[in-house]
Chemist: 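Provided herewith is a single structure, encoded as structure tokens, for subsequent inquiry.
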Amino acid sequence: MTSAGVFRWIARAAAGALFAAAGTLGATQGGAPGVSAPESSPRTPAELRARAAEALRRDPRQLPTAAERWLEWGPKDPVDAGLQADLTAGMRAYAAQDYAAALAFLYALLDREADFPPALYQGALCYFRLRRYGDCAALMERFVRAAPREIGATQVLGHCYYTLGSYASARAHYELVLAAQPSSPEALRGLALSEMRLGNAARALELLAKVVELRPEHADAHAWRAQILFDEGQSEAALVHAERARELEPWEPKPWFLLSRIFVELDREADAERARERFELISRVDQQVRQQEGLLLHDPARLDIWVQLVALQRSVENRPGVRNGLARLSAHAPADARTALFLVDGYDWLGERSKAVEAARRAESLVGSDAESWAWLADFYRRIGDLPGLERAQRLGK
Amino acid sequence: MFVEDQARALPGVRTTCGSDAKDYIIEVNGGGVALCDLDNDGDPDLIVVDGSTLERVAKNEPGFPPRVFLNDGKGVFQAGGEAWAISGGRWGMGVATGDVNGDGFVDVVITQWGPTRLLLNRGGKGLEEATGKSGFTGSRWGSSAALFDADGDGALDLAVVNYLAFDPKLVGKPGGECSWKGYPVMCGPEGLTPQHDQFYRGRGDGTFEDATQKAGFVPKEAGFGLGAMTLDFDLDGDTDLYVANDSTPNHLWENQGDGSFREVGFARGVSHDANGKEQASMGIAAGDFDGDGREDLLVTNFSGESVSLYAAKGPKSFRERSSNAGIGGASLRQLGWGAGFADLDLDGDLDAFALNGHVYPQADSPGTDTSYAQADQLFRNQGDGRFTVEALSNAKPRVSRASAFADLDGDGDVDIVALEMNGEVRVLSNQLERSSAAAQDGSRQRARHWLGIRLRARGKNTQAIGARVHVEWEGGGRWCEVRTTGGFQASIPAQLHLGLGAAQRAKSVVVHWPGGAQSRLEDVAADQVLTIEERAP
């Protein structure tokens with residue numbers, strides 16, 4: 001079986017199974033050194049899920065307000081140990097991408113300590129990740145009122161306004177953020193897109209040029225420049241930026257879409273058709289990725305979905321996407337052999353040899369007597385020239 | 001600007017499309033609505049296409065019958081009575097209208113979850129079922145349909161837009177198999193199989209021949225078809241067809257001049273949004289909102305996707321301009337259905353409207369950033385390529401679906417009829433003030449003159465569907481195209497309706513008839529419905 005064949009075999013098998021994933025509870029109960037577990041900590045995974053579900057039903061606009069208490073607050077201020085425990089648990093859940101669980105801890109905090117700024121901020125980020133932009137804005141607006149000195153860190157509020165279609169509010173907020181953080185590429189990008197939506201194409205192009213100055217590899221900024229120029233009828237200029245965006249992120253559908261449309265305009269029909277074919281392939285994958293990511297938002301322990309996501313990202317050679325998915329799978333320390341082999345194969349494909357070997361070692365402890373898995377491992381060790389590994393896999397596979 | 005007037009105009013008329021729980025996708029699109037002059041008395045009558053329930057289907061009971069309501073000339077609709085009665089089909093969806101047998105009376109096509117139906121007009125005295133001899137084939141889930149003369153032979157042809165293969169036994173069950181924003185919802189359309197659309201060549205005698213394959217009306221991949229709109233997008237003299245697809249790229253069928261088609265949606269820039277994302281499109285409006293002589297397209301989409309405004313650019317292309325036009329952000333949280341371009345304030349340029357309402361009752365749950373019932377929206381043209389977004393009416397938010405528009409009460413402004421999901425048939429009456437004092441003070445904003453144009457063509461396409469008309473008046477002018485397609489599951493009268501602003505006369509009216517002939521009238525008085533007949537060569 002070829003490497004690619006094994007990859008597909010593992011992906012298919014893993015996608016069809018529900019894994020006994022390490023529960024989020026384990027990831028959220030530990031706490032930082034010197035920080036005790038929160039008193040309100042759920043005792044069982046079921047209790048955590050119930051609290052998470054309850055948190056999702058809450059309306060952040062109904063929380064009590066106490067912004068004036070925090071006006072002097074700063075991120076370096078010491079935090080009461082009781083609050084810190086919930087905050088840490090919330091942040092750990094956030095890091096594990098279990099946003100509902102994170103909200104459960106953060107709401108517990110906000111119920112005890114109204115408008116506690118770190119909880120408002122982290123809660124807003126959770127809502128943003130959950131694509132609940134109105135709720136995100138509600139919490140981040142509270143944060144801005146409670147901690148106005150931290151305005152420079154609140155570009156996500158601009159993102160929320162933008163996503164909700166409130167482009168004038170988004171523009172106003174990005175300007176506030178940029179007054180505090182003039183070199184924030186994401187705030188500049190947000191301002192540019194808001195200006196574009198408000199019909200100010202020239203200003204948008206100026207701002208996107210600044211983004212690219214700050215971060216030349218910002219593929220999305222290149223793609224937006226291409227789009228605006230194309231809309232303005234400047235197809236030749238648009239082509240330069242669309243090609244740059246494609247070079248930087250060839251797995252993204254948008255540059256291919258733009259390229260195809262630009263080529264049509266330039267009467268380069270064969271190029272247009274090639275770009276369109278690539279666009280359609282990548283776009284199909286992108287649609288599946290979005291669907292799967294939507295499912296994960298509400299069911300973050302579904303390792304089978306992570307496996308599918310990695311497979312999808314790999315099919316369009318999205319290396320950052322593959323890396324992210326593998327990291328997520330590794331963090332859950334899958335207890336089944338096929339997912340373990342999937343990790344080996346993924347890291348090997350990325351060329352991250354040490355991680356691949358580490359994953360292979362872990363896989364060895366999980367494959368049991370499955371001869372096909374041992375043969376695959378032996379082949380892996382042979383390819384990378386790890387003779388002890390090869391010898392071990394051949395011996396144990398008998 | 002509009003007020004709900006159904007208590008006077010159409011009391012107690014409701015439609016049903018499945019249960020209120022909306023457990024299955026068959027229950028969410030609602031029925032159809034047509035405005036057309038069935039009895040040739042000069043005012044638009046109303047056809048309401050009703051649905052069914054899964055319980056009725058399970059018991060093999062017919063769906064709720066489509067109903068005809070005749071206009072008394074003042075915008076009050078009376079049930080058509082026995083002569084206009086239509087039997088219940090399987091599960092009614094949309095409607096198209098046109099004179100398919102060239103007898104001078106408007107006939108009716110009804111789409112269903114089931115076979116497409118044809119009802120022939122008996123000389124303005126009633127409708128008779130003619131499905132059996134129609135030549136319509138198969139049994140799919142038809143949503144919208146369009147009657148137009150694709151091959152230029154003078155007889156109307158038919159395109160039927162189909163949605164998906166639905167079988168309640170095979171579709172995911174309610175209660176957790178499918179989710180949206182973390183809430184369990186009905187399944188589809190993703191995961192279900194889209195059905196190909198169909199094209200029928202009309203013989204001009206009320207019968208049709210399935211020409212789907214012969215006409216090349218088969219895209220590379222089928223879409224989940226919902227909306228249909230006829231237009232001559234490339235101004236080459238034949239009628240093209242735009243199809244709005246749910247969750248799949250939209251299609252633009254370029255007529256090759258002989259009634260065969262080539263799908264060019266991607267190349268022309270109307271298949272995706274400006275970012276290359278396919279959208280869940282429902283309704284379509286067509287009209288030249290920016291006065292460049294080519295028709296533009298407005299497409300209503302799912303919540304989280306703004307209305308798309310595809311502005312014609314150059315000889316054949318389009319650019320998506322909803323944000324530049326000021327309607328992108330305001331439509332982002334709405335899920336739109338019925339839409340139309342019409343000069344709602346009679347100031348001389350085309351405004352637009354969108355009727356909204358979500359598919360998921362769960363949209364009222366926390367954190368969805370949208371709602372099940374939604375406000376109607378008016379996009380008022382500022383005359384500079386931008387629109388202001390206003391509430392269309394004083395109505396509370398509703399779960400709206402298909403809509404059609406026409407001057408219902410003969411007062412010179414355009415009114416709207418819209419279906420509410422499992423609720424009333426809404427009549428939105430335009431309350432535009434047009435006092436003679438306002439009309440005489442010369443202010444473009446306040447003077448509200450208008451001109452209706454009804455064409456009578458020679459041959460079988462008696463309503464001149466596909467004709468293009470240019471009207472010029474002091475301070476303005478506009479191209480319009482005659483059609484009966486109403487976008488989503490709807491049909492509008494073939495009569496044109498233009499606002500002339502302060503002008504009390506049109507300097508000229510030029511008709512480009514479908515057969516290629518031209519008629520020209522000069523110095524035409526405003527505030528009348530003008531009937532123009534095509535003369536023999």
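Each chain gets a letter, A, B and so on, in the order the sequences are listed, and its residues count up from 1.
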Chemist: How many angstroms lie between atom OG of B:S365 and atom CG of A:L56, to the nearest 0.5 angstrom?
Modeler: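 These two atoms lie 11.0 Å from each other.
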Chemist: Would you mind checking which part of A:R131 comes under 4.5 Å of any heavy atom in chain B, side chain (CB onward), backbone (N, CA, C, O), both or neither?
Modeler: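 For A:R131, the backbone is the part near chain B, not the side chain.
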Chemist: Checking heavy atoms, do the side chain of A:W224, its backbone, both or neither come under 4.5 Å from chain B?
Modeler: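 The side chain, not the backbone.
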Chemist: Is there a side-chain contact between B:S179 and A:L295, using heavy atoms and a 4.5 Å cut-off?
Modeler: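 Yes, their side chains come closer than 4.5 Å.
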Chemist: Report which part of A:E265 has an atom under 4.5 Å of a heavy atom belonging to chain B: side chain, backbone, both, or neither.
Modeler: side chain
Chemist: Kindly say whether A:G199 contributes a backbone atom to a donor-acceptor pair with the side chain of B:N324 at under 3.5 angstrom?
Modeler: no
Chemist: Which heavy atom in A:S283 sits nearest to a heavy atom in B:G276, and how many Å separate them?
Modeler: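 Nearest heavy atoms, A:S283 then B:G276: OG-O, 4.3 Å.
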Chemist: May I ask you to decide whether B:E320 forms a salt bridge with A:R261, counting only side-chain N to carboxylate O separations under 4.0 Å?
Modeler: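 Between A:R261 and B:E320 there is no salt bridge, as every charged N stays at least 4.0 Å from the carboxylate O atoms.
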Chemist: Is B:K220 in contact with chain A via its backbone, its side chain, both, or neither, using a 4.5 Å heavy-atom distance?
Modeler: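 Side chain of B:K220 only, per the 4.5 Å heavy-atom cut-off to chain A.
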Chemist: As an exercise: rank A:E273, A:Q287, A:M196 by heavy-atom pairs under 4.5 Å with chain B and give me the winner.
Modeler: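 Going by pairs under 4.5 Å, I would pick A:Q287.
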Chemist: Do you know which of A:D135, A:V264, A:D231 has the most heavy-atom pairs with chain B at a distance under 4.5 angstrom?
Modeler: A:D231
Chemist: Between B:E221 and A:R284 (salt bridge meaning N to carboxylate O under 4.0 Å), is one present in this structure?
Modeler: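 Looking at A:R284 together with B:E221, the answer is yes, because their closest N to O distance falls below 4.0 Å.
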Chemist: Side chain, backbone, both or neither: which part of A:L130 has a heavy atom under 4.5 Å from chain B?
Modeler: neither
Chemist: Checking heavy atoms, do the side chain of A:Q288, its backbone, both or neither come under 4.5 Å from chain B?
Modeler: neither
Chemist: What class does the angle between the rings of B:F266 and A:F279 fall in, given that below 30° is parallel, 30 to 60° is tilted and above 60° is perpendicular?
Modeler: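 Tilted, since the angle between the ring planes falls between 30° and 60°.
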Chemist: Is the CZ atom of A:R58 crowded by more than 12 outside heavy atoms at less than 6.0 Å?
Modeler: yes
Chemist: For the atom pair CD (A:E280) and OG (B:S271), what is the distance rounded to the nearest 0.5 Å?
Modeler: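 A:E280 atom CD to B:S271 atom OG measures 8.5 Å (nearest 0.5 Å).
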Chemist: At a heavy-atom separation under 4.5 Å, does A:R61 approach chain B through its side chain, its backbone, both, or neither?
Modeler: neither
Chemist: If you compare all heavy atoms of A:L164 against all heavy atoms of B:L332, which two are closest, and at what distance to 0.1 Å?
Modeler: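 What the structure gives for the nearest pair is C-CD2, 3.7 Å.
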Chemist: I'd like to know which of B:K277, B:K313, B:R386, B:E190 tops the heavy-atom pair count under 4.5 Å against chain A.
Modeler: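 With the most close heavy-atom pairs to chain A, the winner is B:K277.
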Chemist: Checking heavy atoms, do the side chain of A:D299, its backbone, both or neither come under 4.5 Å from chain B?
Modeler: neither
Chemist: Out of A:F230, A:Y127, A:Y167, which one racks up the most heavy-atom pairs below 4.5 Å with chain B?
Modeler: A:F230
Chemist: Below 4.5 Å, heavy atoms only, C-beta onward: do A:R132 and B:K181 meet side chain to side chain?
Modeler: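 A:R132 does not reach B:K181 side chain to side chain.
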Chemist: Would you name the heavy atoms of B:D369 and A:Y133 that are closest together and state the gap between them?
Modeler: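 Taking every non-hydrogen atom into account, OD2-N, 2.8 Å.
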